[in-house]
Amino acid sequence: MPDATLRIFRGDANGGATADYRVPVGPGMVVLDALHYIQGHGAADLAVRWNCKAGKCGSCSAEVNGKPRLTCKTRMDSLPLEEPITVVPLKAFPVIKDLVTDVSWNYKVNRKIPPFQPRPGVEWKYSQEDADRVQEFRKCIECFLCQDVCHVLREHRLHEQFGGPRFFVRVAGLEMHPLDGADRTALLKDELRISLCNITKCCTEVCPEEIRITDNAIIPLKERVVDRYYDPLVRIARAIFGSGKG
Amino acid sequence: MSDSLETHEHDVVVIGAGGAGLRAAIEALAQGASVGVICKSLLGKAHTVMAEGGIAAAMANVDAADDWRTHFRDTMRGGKFLNNWRMAQLHAQESPERVRELEQWGAIFDRTEDGRILQRAFGGHTFKRLCHVGDRTGLEMIRTLQDRGVQMGFDVYMECTVVRLLKDGERVAGALAYWREQGRFVLFRSKAIVLATGGIGKVYRVTSNSWEYTGDGMAAAYEAGAELMDMEFVQFHPTGMVWPPGVQGILVTEAVRGEGGVLRNRLGERFMEKYDAKKMELSTRDVVARAIYTEVREGRGTEHGGAFLDISQKPAEYVKRKLPSMYHQFKELADVDITKEPMEVGPTCHYMMGGIRVEAETAQSSLPGLFAAGEAAAGLHGANRLGGNSLSDLLVFGRRAGLAAGQYAKTAAPPRLAAGDVEAAQREALAPFGRSNGENPYTLHRDLQVTMQDLVGIFRVREDLEKALGELEKMKERWKGISVEGSRLFNPGWHLALELKSMLTVSEAVARAAMMRQESRGAHSRIDFPNTEAAWGRKNIIVKREGSAIALREEPVAEMPEELKKILAEEK
Ligand SMILES: Cc1cc2nc3c(=O)[nH]c(=O)nc-3n(C[C@H](O)[C@H](O)[C@H](O)COP(=O)(O)OP(=O)(O)OC[C@H]3O[C@@H](n4cnc5c(N)ncnc54)[C@H](O)[C@@H]3O)c2cc1C
Ligand code: SF4
Ligand code: SF4
Ligand code: FES
């Protein structure tokens, strides 16, 4: 097999530039293998995150030829090897060094979300169908590729106002838990600002776990917010009967 | 140097944010302790996230006849009776409650027809016992614990690596670490420390383990003077991927066999008939790993030196639903559709039964103030771990470690650390920057992996072990000459250089203990001592530092009470 050239961003918060590295390509090789090869042959200080090398931990995210990808699941033979393969860090987050970005913002957003709260006196029983609905959201490996591709964060940099698709997925997993009794609609409306999402579906397209982020998480959550805050009948009913979960 | 050193103080510091560390932290918080959790990766990326098959707990949701006694017996039999009986008993008794607790904190397990937690079959377990979420149980567990801990309010220091434990007299009362990002040092002062740093798989070439598994916790405990135990018992999981080369070692969950997967050799023979006709594919891991290894060695292996594992006889939809990540893993990384074709699999280094010696009830090590749980600790699994018994171990003994550490901290005096120790640790850590033209850490790591793989692997023999120990001596010298380039800013070469020290320490402990145990038992197979010897069945090997040398001794396995002996004698 031919050699490949990887054109990798080298630098830190103060800036940097891409550098080219030649890598021999073997069968089944993935981009992360190529990065490890480079570390072992000449660039020992190349900064890369990874853990499982099997698409399970969501550590190895980067932009490969302009697309947000898990480098451990991106096969070299799926890329055009005649041209240099560009590997740069996620754009939605500040660079620390090389391919490593500062994703701590995500952990801060997560803290705002009220945890699972079982309804009082529940019996711990529910069907597999009920479980399936929530398990889709709980598959999330926190790779933050969806955050990276969402224009609200990537272009408009509204990190201070917006939660991002990852956290709509997380809230959906809690809100649709068959035994949960908490209400997170105010949070969705005011703190995570779900209304800023205009359903472009870019997040769904990049999710390596194939979570239907927009259709199954965001749209139903938007409906909950609308029902709660903007539907006049619901508002009247709430005034009369008190608030309950939508 | 230490004047400007960033310092944090907590009642309890937990090193490790996998299942064991997080569960310990939650319990210490519940004791009212202030808790700091340190981990090498981002929060939520520890090894636990990769666990696939399930958590073993005798809940009897599927097989009503199951109970803690049977789980206890299975664990002891799996461990070839070298287990700490009290740990095995506590584990079997408490794991159902620990699983229910996870559910109450928001975990969503697969369900039975009547809506309870579903359980599946696994090797060495008499009954269907593994609570699971498809084949991503570990992800469910780590998210649940992480969210719980964050809500309860622990402080997390992530991408922060501990290089040394610090003492106040005999007790352990602090740790020195560096931020991976900036390369700056940070000091932790604490009344109690829980080590939950996981295993050592990265000392082998073919492994299911990530870069984190360099034995740091065990090595740091050893350096501080704590005892290690059962270091000769390294588990090779029978089914890792073998092809293509880049994925070699990545785990193929035992759940494939639990769901009915069948093993065959190149000739199409279902070879487990020869090795364990009763349990077949669901025999214990040591047996299945040796069986595959033997088939390959005797010329009946597949093209890439493995065996075939086939689940394609099951309906495609069922396979995709119960084993989704296996389906994707093979499809995307190996171009194999497991609903139609067999997988190629072979043994991969997976789990460390040995580790820090602890007291069963409290998880305290042989040093005051130092506790250990999870894969970093030894005792529960004896000579061989059953699948699913690790995740339950993390919960049961993570909780016990956190509880005991929280209580210990209540009466312990504030720590006094010697400035000299802190400075010495920093000097040692920075030494590789001071050398030029020394050896590259990646080269040394590769050589270590080849040595351990080839000479201290599944089958062991005196000549190989002697050779390995000779090589390790040379590598310890080579380590002193390692140099790294670049700055301290997120520098993986430097990180590896420091981790190599831990890897060399634990490798030597494994090789020496393997040399000492002159029998074959569980995961430890000696070609020159192929039999299991009753006398060795009554002894654990303890490893401890004496000055700068490693010292090994035998110690009797604790005597089991009569009522437990009776349980073991029952046939089921
Ligand atoms: C692919 C795979 C599948 C598995 N499937 C199952 C299964 O189905 N069922 C089962 O029971 N078991 C399974 N196991 C085994 C089980 O997952 C592990 O044994 C278990 O998760 C270990 O948990 P832990 O809490 O001890 O350590 P880990 O989860 O590995 O956490 C270790 C922590 O220590 C930190 N750490 C290490 N060194 C340092 C340092 N120097 N400084 C700071 N922090 C440090 C790490 O960053 C990490 O946070 C599987 C293992 C693998 C690899
Ligand atoms: S659908 Fe919404 S959340 Fe997803 S990328 Fe588009 S704007 Fe962002
Ligand atoms: S929702 Fe999908 S893309 Fe977003 S973080 Fe989770 S796994 Fe990644
Ligand atoms: S390394 Fe875990 S997802 Fe890529």
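In what follows, chains are A, B, ... by sequence order, proteins preceding strands, each numbered from 1. Just the heavy atoms: all of them, side chains too, but no hydrogens, waters or symmetry mates, feed the values below.
Remark: the B/Gln449 side chain and the B/His445 side chain contain an N/O donor-acceptor pair separated by less than 3.5 Å. Checked by atom type, the side-chain pair A/His36/A/Trp50 shows a donor-acceptor distance below 3.5 Å. Side-chain atoms of B/Ser325 and B/Asp135 include a donor-acceptor pair closer than 3.5 Å. At a cut-off of 3.5 Å, with distance as the only test, no side-chain donor of A/Asn106 or A/Glu142 sits close to an acceptor on the other residue. Under the 3.5 Å distance criterion, with hydrogens and angles disregarded, a donor-acceptor pair is assigned to the side chains of A/Asn110 and B/Asp147. At a cut-off of 3.5 Å, with distance as the only test, a side-chain donor of A/Arg138 or B/Thr144 sits close to an acceptor on the other residue. Side-chain contact annotation: B/His350 with B/Ser208, donor-acceptor N/O pair under 3.5 Å present. Counted by atom type alone, A/Arg7 and A/Thr86 present zero donor-acceptor pairs between their side chains at under 3.5 Å. Between A/Asn216 and A/Glu136, the side chains place a donor N or O and an acceptor N or O closer than 3.5 Å (distance only, hydrogens not considered). In this structure, a donor-acceptor pair under 3.5 Å is absent between the side chains of A/Asp20 and A/Thr5.
Of the atoms belonging to B/Leu139, it is side-chain heavy atoms, and not backbone ones, that fall under 4.5 Å from chain A. Using a 4.5 Å cut-off between heavy atoms, A/Ile113 touches chain B through its backbone atoms (N, CA, C, O) alone. Only the backbone of B/Trp105 comes within contact range of chain A, with at least one heavy atom under 4.5 Å from a heavy atom of that chain. Neither the backbone nor the side chain of B/Tyr213 comes within less than 4.5 Å of any heavy atom in chain A. Heavy-atom distances place the side chain of B/Gln146, and not its backbone, under 4.5 Å from chain A. For a residue to count as touching a neighbouring chain, one of its non-hydrogen atoms must lie under 4.5 Å from one of that chain's; by this rule B/Gln329 touches chain A with the side chain only. Looking at B/Asn209, there are no atoms closer than 4.5 Å to chain A (heavy atoms on both sides), in backbone or side chain. Contacts between A/Glu210 and chain B at a heavy-atom distance below 4.5 Å involve the side chain alone, from C-beta outward. Using a 4.5 Å cut-off between heavy atoms, B/Met241 does not touch chain A at all. Looking at A/Lys53, both its backbone and its side chain come within 4.5 Å of chain B, counting heavy atoms on both sides. Contact annotation for B/Met326: only side-chain heavy atoms (C-beta onward) come within less than 4.5 Å of a heavy atom of chain A. Neither the backbone nor the side chain of A/Asp98 comes within less than 4.5 Å of any heavy atom in chain B. Of the two parts of B/Glu485, the backbone and the side chain both hold a non-hydrogen atom closer than 4.5 Å to a non-hydrogen atom of chain A. Heavy atoms of B/Glu332 lying under 4.5 Å from chain A belong to its backbone as well as its side chain. Only the side chain of B/Asn440 comes within less than 4.5 Å of a heavy atom in chain A; its backbone stays farther off. Neither the backbone nor the side chain of B/Glu113 has a heavy atom closer than 4.5 Å to any heavy atom of chain A. Proximity to chain B is limited to the side chain of A/Asp33, based on heavy atoms less than 4.5 angstrom apart.
Among B/Leu251, B/Asp335, B/Ile117, the residue with the largest count of heavy-atom pairs under 4.5 Å with chain A is B/Asp335. Listed options B/Met158, B/Gln182, B/Glu159, B/Arg111 were ranked by heavy-atom pairs under 4.5 angstrom with chain A; first place goes to B/Arg111. Ranked by heavy-atom pairs under 4.5 Å with chain B, the first of A/Pro114, A/Ser78, A/Pro115 is A/Pro115. Put simply, of B/Ser487, B/Pro492, B/Pro244, the one with the most heavy-atom pairs under 4.5 Å next to chain A is B/Pro492. Ranked by heavy-atom pairs under 4.5 Å with chain B, the list A/Lys139, A/Gln117, A/Glu129, A/Glu123 is led by A/Lys139. Between chain A and the residues B/Val150, B/Thr443, B/Leu333, the most heavy-atom pairs under 4.5 angstrom are made by B/Leu333. Of the listed residues (A/Val134, A/Leu179, A/Val100, A/Asp12), the one with the most heavy-atom contacts under 4.5 Å to chain B is A/Val100. Your options are A/Glu209, A/Gln135, A/Arg170, and the one with the most heavy-atom pairs under 4.5 Å with chain B is A/Gln135. Most heavy-atom pairs under 4.5 Å with chain A, from the set B/Val133, B/Leu489, B/Ile250: that is B/Leu489. Ranking B/Arg148, B/Arg180, B/Glu140 against chain A, the residue ahead of the rest is B/Glu140, based on heavy-atom pairs under 4.5 Å.
With a 4.5 Å cut-off on side-chain heavy atoms, A/Cys150 and A/Cys203 do not count as touching. Contact check for B/Thr161 versus B/Leu498: no side-chain heavy atoms found under the 4.5 Å cut-off. Side-chain contact between A/Thr101 and A/Ile96: absent, with no pair of heavy atoms (C-beta onward) separated by less than 4.5 Å. Residues B/Leu430 and B/Arg488 are in side-chain contact: their nearest non-hydrogen atoms beyond the backbone lie under 4.5 Å apart. For the pair A/Met29 and A/Arg75, the minimum side-chain heavy-atom distance is 4.5 Å or more.
Between A/Trp124 and B/Phe109, the distance separating the two ring centers is not shorter than 6.0 angstrom.
Using a 4.5 Å heavy-atom cut-off against chain A, the contacting residues of residues 37-50 of chain B are B/Ser41, B/Leu42, B/Leu43, B/Lys45, B/Val49, B/Met50.
Using a cutoff of 4.0 Å between basic side-chain nitrogens and carboxylate oxygens, B/Glu101 and B/Arg98 are scored as salt-bridged.
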Per-pair distances, 0.1 Å, donor-acceptor, side chain in residues 38-48 of chain A, under 3.5 Å, sequence neighbours excluded:
unit_1  : atom_1 : unit_2  : atom_2 : d
A/Gln39 : NE2    : A/Leu46 : O      : 2.7
A/His41 : ND1    : A/Tyr37 : O      : 2.8
A/Asp45 : OD1    : A/Arg10 : NH2    : 3.2

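The neighbour count for A/Lys67 NZ, taken as heavy atoms of other residues, nucleotides or ligands under 6.0 Å away, does not exceed 12.
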